[in-house]
Chemist: 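Sharing a structure with you now.
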Amino acid sequence: CVPVRGCELLKDSCGMGESCAVVGDGVTSCTKIGTAQAGQSCDEEHCAENLSCLGNVGSRKCYKLCALAAPASCGAGLTCKAFGLVKDPTVGICAAK
């Protein structure tokens with residue numbers, strides 16, 4: 001366990017080697033940037049920058065965060081959708097259309 005250090009998603013509000021991520025029940029904190037990419041398991045490895053580890057323990061995956069106001073920013077075949085664990089009403093996750 002590490003102490004929660006509140007931060008703003010999708011903003012450069014953390015220190016070097018850290019990224020702001022959802023860490024549980026909508027709480028955000030600066031976390032170590034890892035190597036796990038979107039769609040990959042994050043139960044053992046931290047997610048890469050601007051990704052959050054979401055889901056149930058044992059089956060958590062990294063999700064790319066996005067601004068709900070810019071749904072096309074996720075790339076081809078994806079759109080930005082609201083997600084219950086992300087409490088910021090302006091931030092969602094990239095998911096299939």
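Nothing fancy with the numbering, it's 1 onward along the sequence.
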Chemist: Considering non-hydrogen atoms only, spot the tightest contact between K97 and L78 and give its length.
Modeler: CE-O, 3.4 Å
Chemist: Check H46 against K32 and note the closest heavy-atom contact, atom names and distance.
Modeler: CB-O, 3.4 Å
Chemist: Give the intermediate values and the outcome of side-chain contact (heavy atoms from CB on, under 4.5 Å) for residues L68 and T90.
Modeler: CA-CA 5 Å; L68 289 170; T90 67; 5.8 Å; no
Chemist: Are the sulfur (SG) atoms of C20 and C7 separated by under 2.5 Å?
Modeler: yes
Chemist: Say you draw a straight line from CD of E49 to SG of C14; how long is it, rounded to the nearest 0.5 Å?
Modeler: 9.5 Å
Chemist: Is S29 reaching over with its side chain to a backbone N or O of G6, donor-acceptor style, under 3.5 angstrom?
Modeler: no
Chemist: Taking SG to SG, are C53 and C42 separated by less than 2.5 Å?
Modeler: yes
Chemist: Following the transitive rule for hydrophobic clusters with a side-chain heavy-atom cut-off under 4.5 Å over Ile, Leu, Val, Met, Phe, Trp and Tyr, establish whether L9 and F83 coincide in one cluster.
Modeler: yes
Chemist: For the pair N50 (side chain) and L10 (backbone), establish whether a donor and an acceptor sit closer than 3.5 Å, ignoring hydrogens and angles.
Modeler: no
Chemist: Counting only N and O atoms by type, is there a donor-acceptor contact under 3.5 Å from the side chain of K81 to the main-chain atoms of A96?
Modeler: yes
Chemist: Any donor-acceptor pair under 3.5 Å linking the side chain of T31 with the backbone of S19?
Modeler: yes
Chemist: Give a yes/no on whether the SG-to-SG distance for C66 versus C80 is below 2.5 Å.
Modeler: yes
Chemist: Are V22 and L51 joined in one hydrophobic group, where the rule is that I, L, V, M, F, W and Y side chains link up if heavy atoms are under 4.5 Å apart?
Modeler: no
Chemist: Does the pair T79 and C74 meet the rule for a side-chain contact (heavy atoms from CB on, under 4.5 Å), with working shown?
Modeler: CA-CA 6 Å; T79 190; C74 291; 5.9 Å; no
Chemist: To the nearest 0.5 angstrom, please state how far the NZ atom of K64 sits from the SG atom of C94.
Modeler: 5.0 Å
Chemist: Backbone N or O of G84 within a donor-acceptor pair of the K87 side chain at under 3.5 Å?
Modeler: yes
Chemist: Is it the case that the side chain of S13 and the backbone of E8 share a donor-acceptor pair, with hydrogens and angles ignored and the cut-off at 3.5 Å?
Modeler: yes
Chemist: What is the distance from atom CD1 of I93 to atom CG of L54, rounded to the nearest 0.5 Å?
Modeler: 6.5 Å
Chemist: Under 3.5 Å, side chain of E45 to main-chain N/O of T35, donor-acceptor pair present?
Modeler: yes
Chemist: What distance separates M16 CE from I33 CD1, expressed to the nearest 0.5 Å?
Modeler: 9.5 Å
